Amino acid sequence: MNEAAFAAATTGLEAPPMTVFPYQIHATDGAARTGVLKTTRGDIRTPAFMPVGTAATVKALYMDQVKATGADIILGNTYHLMLRPGAERVKRLGGLHKFSTWQGPMLTDSGGFQVWSLSKLRKMTEEGVTFRSHIDGSEHNLTPERSIEIQADLLGADISMQLDECTPFGCSEKEARTSMELSIRWGQRSKVAFGTRDSQALFGIVQGSVFENLRRESAERLIETGYDGYAIGGLAVGEGFEKMCDVLDFTTPHLPTARPRYLMGVGKPIDLVEAVARGVDMFDCVLPTRSGRHGQAWSDHGPINIKRAEFAEDDSPLNPDIDCPASRDYSKAYLHHLFRAGEYLSAMLLSWHNIAYFQHLTARMRVAIAAGEFEAFRREFRGKWEQGEAQRAKANN
RNA sequence: GGAGGGGUGGUCGAGUGGUUAAAGGCACCAGACUGUAAAUCUGGCCGCGAGAGCGUACGUUGGUUCGAAUCCAACCCCCUCCA
């Protein structure tokens, strides 16, 4: 590490923009962009949907299947893996890529989301967060430094996320500011701990709840610190679709155009389309795999509850246009039967279809943006989505 | 033929005088799920009615009682053991 880099790493403020993973934007259409984030483990085509593999597995799928759906990158999780099997153990076993057999790029969440989702099991201080394990009740500390050590050194993530606090929705502006500023400080410490690396990247996370001034300030202060990518956190936590779009409207303009923007934890297909329209490049969400396990298949018209009686003798596939056996080759009647019978294959096929559908959706957006036809795509998609919503509303009356 | 046990809502199964339209499970009909404490959770589930409510219901028939799924009698059916 040279002197300038060391100074940058230790002050965390004057760092030059890092370009360890070049981001090539091939086309833009309105605020929407398509391009490639080039990592040492492979290219990530954007807009990108990253399947979530919390516990070193994209639940119910083989890594080969995940890859074949077109996913370029998947997620892992600091909190879950440090509890089980333990970050040091993963390191001894050769790192998360070797351990899981996923050889493409991997992004790990810092544990920041668990600060929110496990709020009853944690205690926060300036230093970091103490979790009581949801598995055995044992205590575990997570500081920004430890989170980076786990992600970058032990798991070997290609993209590490700064430790942050996923600010709960419904808090006051004052609380949101306090939380956002803590995340900024944790981000700076994360960056110092991360230092400069040849083949690994660090993303910062914009917080600020639904407050425009806070989101803007958060973005500006992250840029001062300088990250390889900029995530938008604290959304899809109860604020609703319209509000989320509003926040994106006044947040993405403050993020560097040259670096990837990652909307964390989002979302439904319509959320992806509308976020891409607002300049977001990357997404992750448990929805396709979780709802797959719960009997739901995704489509342009919204969710299909495969357990509904109407599918008992529906011989049509979920989506013949998607190049995935689960989408194309199996009938809804069969999937309906498997789910009703409680068969494992139900979760596997529905998760597979859903991941393939999300990849198909981002692929279509990439094509539309490259062709300069994203607005038309967006309009048509919204039409189908709203039509589906109207049909479901009618059926439920 | 003798002795004993049992018949409860689609199903399995609690309940042995009133707070019981009847626990609970399953099945069935729906809904939810957004950086995964989730192969989970929620609601509905006799009929009619928007609702208060009304009607019908614990094998059948009859009885006791202010009141019966619960007590009594007869009958029908099922199971176990003995001969």
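These figures come from a predicted structure and were not determined experimentally.
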Atom-pair distance ([atom1] on [X]; [atom2] on [N]), nearest Å:
| X | N | atom1 | atom2 | result |
| --- | --- | --- | --- | --- |
| M50(A) | U36(B) | CE | P | 11 Å |
| I74(A) | U36(B) | CD1 | P | 12 Å |
| N77(A) | U34(B) | CG | C1' | 15 Å |
| R340(A) | A27(B) | CZ | P | 10 Å |
| L287(A) | A38(B) | CG | C1' | 13 Å |
| R293(A) | A37(B) | CZ | C1' | 12 Å |
| L248(A) | U34(B) | CG | P | 17 Å |
| I159(A) | G35(B) | CD1 | P | 17 Å |

May I ask whether H80(A) stacks on the base of U36(B), given the cut-offs of 5.5 Å between ring centres and 30° between planes?
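Stacking between H80(A) and U36(B): absent.
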So what's [N] paired with, Watson-Crick or G-U wobble, going by both distances under 3.5 Å?
| N | value |
| --- | --- |
| U20(B) | none |
| A73(B) | U61(B) |
| G55(B) | C46(B) |

Hey, is CG on N213(A) packed in by over 12 heavy atoms from elsewhere, all under 6.0 Å?
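Atom CG in N213(A) is crowded, with more than 12 foreign heavy atoms closer than 6.0 Å.
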From the options Q207(A), K174(A), E165(A), select the one residue that forms a side chain to side chain donor-acceptor pair (under 3.5 Å) with S179(A).
E165(A)
Pair of N/O donor and acceptor under 3.5 Å linking G31(B) base with N305(A) side chain
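A donor-acceptor contact between them is absent.
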Do S291(A) and U34(B) have a side chain to base donor-acceptor pair shorter than 3.5 Å?
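No, the side chain and the base share no sub-3.5 Å donor-acceptor pair.
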Taking only the side-chain heavy atoms of [X] (C-beta and beyond), determine which of [options] contains the nearest atom.
| X | options | value |
| --- | --- | --- |
| A309(A) | A38(B), U36(B), A30(B) | A30(B) |
| S117(A) | A37(B), G35(B), A39(B) | A37(B) |
| Y262(A) | G31(B), A37(B), G35(B) | G35(B) |
| H294(A) | A30(B), A32(B), G35(B) | A32(B) |

Base, sugar-phosphate, or nothing: which does [X] touch, judged by heavy atoms less than 4.0 Å apart?
| X | answer |
| --- | --- |
| D284(A) | sugar-phosphate |
| S133(A) | nothing |
| Q207(A) | base |
| G234(A) | base |
| L263(A) | nothing |

Heavy-atom nearest nucleotide on RNA chain B taken for R308(A) and for T167(A); more 5' hit belongs to R308(A)
Which residue, F241(A) or H336(A), contacts RNA chain B at a nucleotide closer to its 5' end, judged by nearest heavy atom?
H336(A)
Roughly how far, to the nearest 0.5 Å, is the OG atom of S218(A) from the CD1 atom of I184(A)?
4.0 Å
Under 4.0 angstrom between K268(A) side-chain N/O and C33(B) OP1 or OP2
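Yes.
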Can you tell me if the side-chain N/O atoms of Q114(A) get under 4.0 Å from OP1 or OP2 in G35(B)?
no
Following the transitive rule for hydrophobic clusters with a side-chain heavy-atom cut-off under 4.5 Å over Ile, Leu, Val, Met, Phe, Trp and Tyr, establish whether V286(A) and Y262(A) coincide in one cluster.
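Shared cluster, yes.
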With Y334(A) via ring pair (Phe, Tyr, Trp, His ring centres under 6.0 Å) - residues at least two apart
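By the ring pair (Phe, Tyr, Trp, His ring centres under 6.0 Å) rule, Y334(A) matches Y330(A).
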